[in-house]
Asker: 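Quick one: structure below, then a few questions.
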Amino acid sequence: MVTVKPLEVEGKYFTATTVELPKTTLLTISNEVGYIMCAALDVDFFDENPKLKQRNVIAGRAEGVRTIDQLLHAPLAKVTDASREQYGWEVGMTGKEALLRIS
C-alpha cells in the first residue's frame with residue numbers, strides 16, 4: 001500500500017509518503033527542493049556517481065525509523081554533499097531541522 005499525505009511542519013508544507021513493502025517500509029518527507037528518507041536511501045550513491053552528483057540532489061537519510069513521525073524527529077545519519085553545501089544540513093540534525101532549511 002502507498003500512502004501520500006500533506007504534512008505541516010511549523011507552518012511549512014511537505015508531502016509524507018509511506019510505501020509498505022514485504023518486510024520493510026519506505027518513508028519519505030519531501031518538497032520541491034529535497035527530501036529526507038529512511039535507511040533505504042543510499043546517500044553515498046548520489047555523491048559517488050559523477051552524473052548524479054551533477055544533479056545536486058538534496059537528500060538526507062535517517063536510520064532505524066518506522067513511521068513518518070520518527071523520521072521527522074530522528075537524527076540524520078547521512079546527507080548529500082549538495083544538501084550540506086547549499087542548505088547547511090549536517091549529520092546529526094533532526095529531519096525536522098533539515099526540512100525547515102529547505103522550506
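All residue numbers in this chain count up from 1 along the given sequence.
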Asker: Test side chain to side chain contact (heavy atoms under 4.5 Å, CB included) on T18 and V2; report intermediate values, then the result.
Answerer: CA-CA 6 Å; T18 303; V2 177; over 6 Å; no

Asker: Would you check if L71 and V65 make a side-chain contact, meaning some heavy-atom pair closer than 4.5 Å?
Answerer: yes

Asker: Quick one: does L52's side chain get under 4.5 Å of F45's, heavy atoms only?
Answerer: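 In contact.
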
Asker: Between E63 and K78, does any NZ, NE, NH1 or NH2 come within less than 4.0 Å of an OD or OE carboxylate oxygen?
Answerer: no

Asker: Quick one: closest heavy-atom pair of S83 and A59, and the distance?
Answerer: OG-O, 3.5 Å

Asker: Tell me which one of V9, T17, L72 satisfies side-chain contact (heavy atoms from CB on, under 4.5 Å) with I29.
Answerer: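 Exactly one option meets the side-chain contact (heavy atoms from CB on, under 4.5 Å) with I29, and it is L72.
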
Asker: Could you walk me through whether T94 and L76 pass the side chain to side chain contact (heavy atoms under 4.5 Å, CB included) test, one step at a time?
Answerer: CA-CA 6 Å; T94 66; L76 297 180; over 6 Å; no

Asker: At what distance, to the nearest 0.5 angstrom, does CD1 of I68 lie from NE2 of H73?
Answerer: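 Between I68 CD1 and H73 NE2, I get 12.0 Å after rounding to 0.5 Å.
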
Asker: List the atom of L7, the atom of A16, and the distance in Å for their closest heavy-atom pair.
Answerer: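 So the minimum-distance heavy-atom pair works out to CB-CB, 4.2 Å.
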
Asker: When you measure from the side chain of R101 to the backbone N and O of G88, does any donor-acceptor pair fall under 3.5 Å?
Answerer: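 Present.
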
Asker: Within the 4.5 Å heavy-atom criterion, are Q70 and T67 side-chain neighbours or not?
Answerer: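 Heavy-atom side-chain distance check passes, below 4.5 Å.
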
Asker: To the closest 0.5 Å, what do you measure between CH2 (W89) and OG1 (T80)?
Answerer: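 Here the rounded value is 7.0 Å.
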
Asker: Same cluster or not: are M1 and V4 linked, directly or through other Ile, Leu, Val, Met, Phe, Trp or Tyr residues, by side-chain heavy atoms under 4.5 angstrom apart?
Answerer: no

Asker: How long is the gap from CG on D81 to CD on Q86, to the nearest 0.5 Å?
Answerer: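 Rounded to the nearest 0.5 Å, the CG-CD separation comes out at 10.5 Å.
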
Asker: Find the distance between CG (D47) and NZ (K53) and round it off to the nearest 0.5 Å.
Answerer: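 Atom-to-atom, D47:CG and K53:NZ are 4.5 Å apart.
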
Asker: Testing the basics here: between V43 and R61, what is the closest heavy-atom pair and its distance to 0.1 Å?
Answerer: CG2-CB, 3.7 Å

Asker: What distance separates M37 CE from S30 OG, expressed to the nearest 0.5 Å?
Answerer: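 Rounded to the nearest 0.5 Å, the CE-OG separation comes out at 10.5 Å.
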
Asker: List the atom of P75, the atom of G92, and the distance in Å for their closest heavy-atom pair.
Answerer: CB-O, 3.5 Å

Asker: Is there a side-chain contact between L100 and E10 in this structure, where contact means two heavy atoms from C-beta onward sitting under 4.5 Å apart?
Answerer: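 In short, these two side chains touch, coming nearer than 4.5 Å.
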
Asker: Where the side chain of E97 meets the backbone of M93, is there a donor-acceptor pair that is under 3.5 Å apart?
Answerer: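 No: the side chain of E97 does not pair with the backbone of M93.
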
Asker: Among I58, V57, T15, which residue satisfies the side-chain contact (heavy atoms from CB on, under 4.5 Å) criterion with Y35?
Answerer: V57

Asker: Rounded to the nearest 0.5 Å, how far does CZ of F14 lie from OG of S103?
Answerer: 5.0 Å

Asker: Could you please spell out the steps behind the side chain to side chain contact (heavy atoms under 4.5 Å, CB included) verdict for L26 and L21?
Answerer: CA-CA 7 Å; L26 303 177; L21 299 169; 3.6 Å; yes

Asker: Show the nearest heavy-atom pair for residues I36 and A98, with the distance to one decimal.
Answerer: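 Looking at all heavy atoms of both residues, the shortest contact is CG2-CB, 4.4 Å.
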
